[in-house]
Amino acid sequence: MNRTPDQSSTFAARLARARRDTGLSNAQLGVARVYDNPHSYDFLRSHPDLPLGGEEVLIKDLQQVAGEVTTMGSVHHSFVANYHDTAAHRLLVSGATLVGASSSAEYGTTAYTEPVGMPQPVNPLNSAMMVGGSSGGAATAVARGLVNIAHATDGGGSIRIPAACCGLAALKPAHNHRFGSFTPVAQGFIASDLPTTARAYGLPAPDMDTLHLEPTQPQQPLRIGYTNQPFHTRSVVSPEIAAATAAATALATTHPLVESVSQAPAPYSPATFQLFRDLIASRCADLPGTLSPITSWLREEGRQVPKWRRQQLEQQIVGLDPQRAWPHFDVIATPTLACAPPPPGAFSQLKPADNFWAQTAWTPWGTLWNLTGWAAVTLPLVAPERVPGRWPIALMLGAVGNRTSAATLLSLAAFIMDAASRLPVENLSVAVPGDIEALDSRSKPDNSHSHNHSHEH
């Protein structure tokens, strides 16, 4: 698998070569559509000081690019955009050349990518495993070497989940969810490696020696908390994932700037997840037209949430403070996924309510960093090329408040990846698709509490 594009060729040439070599369609390669005339602000396109200068970038098929078709992940919602939306404009002013749109889940509502009426992306690691979502097209295209950088969004794990499924490292940046109305969604990228990720965000390159502690920051050692107990369900976690992520996190103590790795307590009751569930459902209440069963279910659930309750939900979420449970930690490490990527269709074949809880059991940690707006990064414990056909187990590192910067997370991720490279690769990877039934996803949170939490992935 080539995840570094040939810089001597264009995106169109790389895509044509991938189609020829794999026999897959554009959509199966993660590309929802190719723009006949790529979009750029010509005077910025090759500007050396811009983070995306000279980069051909795919934008997620939830955004609007003037004159181009957007489908919102469904053939039922296709329209031609009249203008560049804010996300597209920001990519362009950062020097990007937008060459096409990457496949997305319908309205970004699921942790898998099965665009309605269109082929779904095929995982380059193992076609028997799904690519995750909702930014599954972005992860697939990057992992296949079609682009160095793809735009992605993360409202419940949508950057981190597909990156993990495709063997990539990726950062969900911190986002200020207290400015204006609450949003759990961060705009960001999936990129080919950690240095490219840093460049896309305008951050310094990862430095394993210094962990990129800010010059104004006192050089205090990091305190890392680890847990593999789900935050948002009472479900179980694959034993090999629990063992591998615990072992890899323990290796961080070999860094002189890491003070300790110790067990982290739960940040709050699992019933807190109901807050997020109700908020995301309410945000689906006004979605138009024909929807897939899971999004239609979320819409109907959302219509049961009165407007006064929506405002209350936002206030309760903003009032959450997991830092109170973690006063002695700067970083929290967890698995990214509770089992290997399951087969395509594993979630969508379930009844909507069961589908929802199965997704939650599969991804029971990441949404905390959407609730708080803190930065988080996922990383593979072994390079995919070292374990052909297998899935590299993924670890997530999440900042606790503003104690740890995104640059520090990337540097810590680079150090752990390097340290883990000396471990037996079979113990850091999984050969077969995940079994979501084994997660016991029906062990839902105890909703007798007043606090409540879902996914706009």
Side-chain angles (χ1 to χ4, degrees), residues 154 160 169-179 186 188 193-195 197-229 231 245-268 318-336 365-366 368-379 381 394-423:
D154 192 314
R160 292 159 289 164
L171 168 72
K172 182 204 78 68
H175 60 283
N176 186 352
H177 71 308
R178 289 173 171 80
F179 180 76
D193 53 33
L194 286 172
T197 298
R199 177 164 58 83
Y201 286 104
L203 298 171
D207 186 334
M208 291 189 294
D209 296 325
T210 67
L211 293 186
H212 260 307
L213 296 177
E214 305 299 327
T216 57
Q217 238 177 288
Q219 297 288 295
Q220 295 178 335
L222 291 176
R223 302 160 300 173
I224 301 174
Y226 171 80
T227 181
N228 52 46
Q229 294 302 303
F231 295 160
T245 53
T249 305
L251 293 174
T253 58
T254 62
H255 196 290
L257 289 177
V258 173
E259 178 181 288
S260 61
V261 173
S262 56
Q263 186 71 24
Y268 40 54
V318 170
L320 288 174
D321 187 12
Q323 292 186 79
R324 288 180 296 184
W326 296 329
H328 305 299
F329 296 116
D330 306 298
V331 175
I332 298 295
T334 72
T336 306
W365 300 281
L368 179 146
W369 281 269
N370 298 93
L371 287 168
T372 60
W374 304 340
V377 63
T378 182
L379 58 128
L381 296 183
L395 176 72
M396 187 171 68
L397 304 173
V400 178
N402 59 5
R403 299 175 198 166
T404 304
S405 69
T408 299
L409 287 181
L410 291 176
S411 293
L412 180 60
F415 179 83
I416 291 176
M417 289 172 68
D418 180 70
S421 68
R422 297 164 182 78
L423 298 177

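Formation of a donor-acceptor pair under 3.5 Å by the T404 side chain with backbone atoms of D330 is found in this model. A donor-acceptor pair under 3.5 Å is absent between the side-chain atoms of R223 and the main chain of E259, judged by distance alone. No donor-acceptor pair closer than 3.5 Å links the side chain of Y201 to the backbone N or O of A406. Looking at T334, its side chain never comes within 3.5 Å of a backbone N or O of T227 through a donor-acceptor pair. Side-chain atoms of R160 come within 3.5 Å of backbone atoms of G366 as a donor-acceptor pair (strictly under, hydrogens ignored). Formation of a donor-acceptor pair under 3.5 Å by the N228 side chain with backbone atoms of P335 is not found in this model.
A distance of 12.5 Å separates CG of D207 from CG of L412, quoted to the nearest 0.5 Å. L395 CG to M417 CE: the interatomic distance, rounded to the nearest 0.5 Å, is 10.5 Å. To the nearest 0.5 angstrom, W374 atom CH2 is 12.0 Å from L409 atom CG. Going from atom CG of L368 over to atom CG of L320 covers 8.5 Å, rounded to the nearest 0.5 Å. Summarising the geometry, atom CD1 belonging to I416 is positioned 10.5 Å from atom OG1 belonging to T245; distances are rounded to the nearest 0.5 Å. T249 OG1 to L397 CG: the interatomic distance, rounded to the nearest 0.5 Å, is 7.0 Å.
Shortest non-hydrogen contact noted between L371 and Y268 is CD1-OH, 3.6 Å. Nearest heavy atoms, A205 versus A198: CA-CB, 4.2 Å. In plain terms, the two heavy atoms of A325 and P327 that are nearest each other are C-CD, 3.2 Å. In this structure, A414 and M208 approach most closely via the heavy-atom pair O-SD, 3.3 Å. Nearest heavy atom pair, residue A186 against residue H175, reads CB-ND1, 3.7 Å. Nearest heavy atoms, T253 versus A250: OG1-O, 2.7 Å.
Looking only at side-chain heavy atoms (C-beta outward), L423 and L251 come within less than 4.5 Å of each other. For the pair P265/F329, a side-chain contact is recorded, criterion being any heavy-atom separation below 4.5 Å from C-beta on.
Screening V331, T372, I332, I224 for a side chain to side chain contact (heavy atoms under 4.5 Å, CB included) involving V400 leaves a single residue, I332.
Ring-plane geometry between W369 and F231 is classed as tilted, the angle between the planes lying from 30 to 60 degrees on a 0 to 90 degree scale. Between H255 and F415, the ring-plane angle classifies as perpendicular under the 30° and 60° cut-offs.
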Practice item. Go through the steps to decide whether V258 and L211 satisfy the test side-chain contact (heavy atoms from CB on, under 4.5 Å), and finish with yes or no. Key: CA-CA 9 Å; V258 173; L211 293 186; 4.1 Å; yes
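In this structure D418 satisfies the salt bridge (charged side-chain N to carboxylate O under 4.0 Å, His left out) test together with R422, sequence neighbours excluded.
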